Amino acid sequence: MFCSYRKAEAYNVSFTMRAILKRRYAAPPSLSRRRFSWSALASRNEPESPSSSFLIEEFTRCCYQRELPTAMRAMDAMQRRGIWANSITYSELIKCCLAGGAVEQGKLVHKHILSNGYQPKTFLINVLISMYVRFGLLEEARKVFDLMPERDVVSWTTMIAAYSNAKLDNMAREFLILMLREGLRPNMFTYSSVLRACVELWIIRQLHCSIIKVGLESDVFVRSALIDIYARLGELQNALGVFNEMATGDLVVWNSIIGGFAQNSIGDEALNLFRKMKMAGFVANQSTLTSVLRACTGLVLLELGRQVHVHILKFDHDLIVNNALLDMYCKCGSLEDANTVFTRMKEKDVISWSTMITGLAQSGFSQDALELFKFMKVSGPRPNDITILGVLFACSHAGLVEDGWYYFRSMKQLFGIDPTREHYGCIIDLLGRAGKLDEAVNLIHEMKCEPDAVTWRALLGACRVHRNVDLAVYAAKQILKLDPADPGTYIMLSNIYANAQRWADVAEVRRSMKAIGVRKEPGCSWIEVSKQIHAFTMRDNSHPQMDAIIRHLSELIQRLKEEGYIPDTNFVLQD
DNA sequence: ATAGGGTTAG
């Protein structure tokens, strides 16, 4: 059966033979089949001495039936006799190792393949590289790659994809260049992998051009990778361009474009595309629903979110969908629903906990957020930087200066997390709210990382509340150094001057705004009433029921005043 | 035969 000799004792199984074996071993082994006792063989006395062909056949059978331990014993016996199976059998054995997460066995297979001076072909080395990549052993993969005598497109693409997935973008791009220098032409696999490692628009445009040149733009993997990367950079027109060229549809391509709009806070367009997708006959999967939920979250569409929730029941076990659902309920202010989802979730990761903690804090339930964090510390996953950020946020909003300070100072020691700008921003906000402006400034000056516009904005906000004009001007200047066209800062500064009755300074701020050409984006709010969205923009009175709305609003304000409410004119821009 | 795309918290 195994008659074709390659080297001295190396056997080869032809492709047709492989098909026959696969078919035969897919069925349960027949009872009449003689089974070999591997334990007897392992005792070295070898009372039974199986023929080489029997060894190989048995080895092959175990590989195809994913019987890893027996296959390993068979391989061991083969190695002692200097027998090699062929590349295909070895690749099946490696699949066994991958399926069982058996790293050590995988390494043994590697050793066996290289033993006795046997030189595996490029195909088998590629399999070994991808095995190490899938085990997360990038350095091992690299060693094998470096030592191989000949590299083909698959070898290069495997490494490029590995680097892309590991977020080693520079390595991925460098390998593409090296591959091109070797005279190899990238294919659709290569392009779809390397695109994920590119963040600069000019590089993506170059790649896009090459893709069109070699005629690979119709490949759905390449297409969705292009759409995704354009969308990530906010280049939604380009993303749509690639999307619209699509002749046949593909669900992932739809998911890419819907996700792209959802991530760029263009929720209404994401929802429109979702509708079109359903009209085109596609059925949403977890990925689609996650993006749709994100769109609902961005638009605060609780009712639509609830409808999506019904579809999600199909994917009840999916962690990512549930996390998105949790966030939707939190951001839409329905903490009860969020809590129900959180409690029911079978699997919770650090994102679930952070979402819930931050959600509680953002809705003003700071104490609950801190309670939940205490519970997380004893029975949840290890908190990360974002969890701590939520905790600091809770402390800041509840005015718990001591607690916040404690968590901030001990986060490195307790959780091994170095404070980032965001943590500093939160604690500066905390100190600022408590009126400890000097301490806040001192903290900014002792920051290990450079303060950014957000940091100074936290201080500026505190200055506004505590009416410290000089410090506010200082903070505003720092913001405008980093972000010269920020309308919010100009408005804030102008408000602070107006509050201090410094009208000349107010005029000066407004002059420089005009000179630089800063314009405040018109304020906009919207509300969802019985599946209809009503949007209101500054100076836009086009709503059909505007008169009635204004009338009702003035009645409400009148009643508020009667109850003793004094309007906060701190934010009024003009005299 | 081996390599590739979309989804979650600040």
Side-chain angles (χ1 to χ4, degrees), chain A residues 13 15 18-19 22 86-92 94-95 98 120-131 133-134 141 152-162 164-165 186-196 216 219-229 231-232 250-260 262-263 284-294 297 315 318-328 330-331 345 348-359 361-362 383-393 420-423 425-426 454:
Chain A
V13 187
F15 290 119
R18 178 173 174 269
K22 232 181 182 169
N86 70 352
S87 303
I88 296 166
T89 315
Y90 278 129
S91 83
E92 291 294 328
I94 290 172
K95 278 184 201 163
L98 282 169
K121 285 192 280 190
T122 307
F123 160 73
L124 189 54
I125 306 180
N126 286 344
V127 174
L128 281 169
I129 295 174
S130 96
M131 176 189 82
V133 168
R134 291 220 238 153
D152 63 7
V153 195
V154 179
S155 330
W156 286 98
T157 305
T158 309
M159 290 310 294
I160 290 173
S164 282
N165 288 330
N187 62 14
M188 56 275 252
F189 289 83
T190 325
Y191 281 119
S192 59
S193 303
V194 82
L195 275 169
R196 285 152 50 74
L216 289 173
D219 184 86
V220 282
F221 285 77
V222 172
R223 193 185 292 278
S224 64
L226 273 172
I227 293 173
D228 184 62
I229 196 71
R232 264 178 221 279
D250 174 84
L251 181 64
V252 178
V253 176
W254 279 100
N255 288 347
S256 306
I257 194 77
I258 294 172
Q263 279 163 14
N285 67 3
Q286 297 97 302
S287 189
T288 328
L289 292 173
T290 305
S291 294
V292 170
L293 273 174
R294 185 162 167 164
T297 310
F315 306 104
D318 192 286
L319 178 63
I320 297 179
V321 171
N322 273 307
N323 281 345
L325 187 67
L326 193 62
D327 190 45
M328 187 277 293
C330 284
K331 296 281 157 51
M345 279 169 73
K348 297 186 194 78
D349 66 356
V350 65
I351 296 186
S352 328
W353 287 86
S354 309
T355 306
M356 197 66 214
I357 288 170
T358 309
Q362 282 171 338
N384 65 11
D385 51 337
I386 297 169
T387 323
I388 304 299
L389 203 58
V391 171
L392 294 182
F393 188 79
T420 63
R421 278 195 199 92
E422 285 77 20
H423 295 99
C426 227
V454 181

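The structure displayed is predicted, hence computed values, not measured ones. Chain letters run A, B, ... following the sequence lines, proteins first and then strands; every chain starts at 1.
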Novice: If you look at every strand shown and take non-hydrogen atoms under 4.0 Å, does A/V253 touch a base, only sugar-phosphate, or nothing?
Specialist: base
Novice: Under 4.0 Å, heavy atoms only, any strand: does A/S193 hit a base, just the sugar-phosphate, or nothing?
Specialist: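 Counting heavy atoms under 4.0 Å across all strands, the contact made by A/S193 is with sugar-phosphate only.
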Novice: Could you work out which one of B/dG4, B/dG10, B/dT7 sits closest to the side chain of A/S192?
Specialist: B/dG4
Novice: Shortest non-hydrogen contact from A/S164 to A/V194?
Specialist: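 Result for this residue pair: OG-CA, 4.1 Å.
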Novice: Nearest to the side chain of A/Q286, which nucleotide is it out of B/dG4, B/dT8, B/dT7?
Specialist: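 Minimum distance to the A/Q286 side chain belongs to B/dT7.
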Novice: Kindly point out which of B/dA1, B/dT7, B/dA9 is positioned nearest to the side chain of A/S87?
Specialist: B/dA1
Novice: So, is A/K348 near the phosphate of B/dA9, with a side-chain N or O under 4.0 Å from OP1 or OP2?
Specialist: no
Novice: Answer yes or no: does a side-chain N or O of A/R294 lie under 4.0 Å from OP1 or OP2 of B/dT7?
Specialist: no
Novice: So does A/R232 get a side-chain nitrogen or oxygen closer than 4.0 Å to the phosphate oxygens (OP1/OP2) of B/dT7?
Specialist: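 Indeed, a polar side-chain atom of A/R232 lies that close.
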Novice: Nearest to the side chain of A/V153, heavy atoms from C-beta on, is which of B/dT8, B/dA3, B/dG10?
Specialist: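 Of all the options, the side chain of A/V153 is nearest to B/dA3.
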Novice: Would you mind classifying the nucleic acid contact of A/Q263 as base, sugar-phosphate or nothing, using non-hydrogen atoms under 4.0 angstrom?
Specialist: sugar-phosphate
Novice: May I ask you to say what A/D219 touches in the nucleic acid, namely base, sugar-phosphate or nothing, with a heavy-atom cut-off under 4.0 Å?
Specialist: base
Novice: B/dA3, OP1 or OP2 - any side-chain N/O from A/R134 closer than 4.0 Å?
Specialist: yes
Novice: Classify the nucleic acid contact of A/N384 as base, sugar-phosphate or nothing, counting any heavy atom under 4.0 Å across all strands shown.
Specialist: base
Novice: Answer with base, sugar-phosphate or nothing: what part of the nucleic acid does A/V133 contact at a heavy-atom distance below 4.0 Å?
Specialist: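 Nothing: the residue A/V133, judged by heavy atoms under 4.0 Å, touches no strand.
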Novice: As a test of understanding, state which of A/L389, A/I386, A/I388, A/T387 forms a side chain to side chain contact (heavy atoms under 4.5 Å, CB included) with A/I357.
Specialist: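 Output: one option passes, namely A/T387.
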Novice: Considering every strand and a 4.0 Å limit on heavy-atom distances, what is the contact class for A/V194: base, sugar-phosphate, or nothing?
Specialist: nothing
Novice: Is a side-chain donor-acceptor pair under 3.5 Å present for A/D349 with A/N323?
Specialist: yes
Novice: What's A/N187 touching, base or sugar-phosphate or nothing? Going by heavy atoms closer than 4.0 Å.
Specialist: base
Novice: Heavy atoms under 4.0 Å, any strand shown: does A/V154 hit a base, just sugar-phosphate, or nothing?
Specialist: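 Base, at least one base atom sits under 4.0 Å.
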Novice: Are the side chains of A/V127 and A/K95 in touch, meaning some heavy atoms are under 4.5 Å apart?
Specialist: no
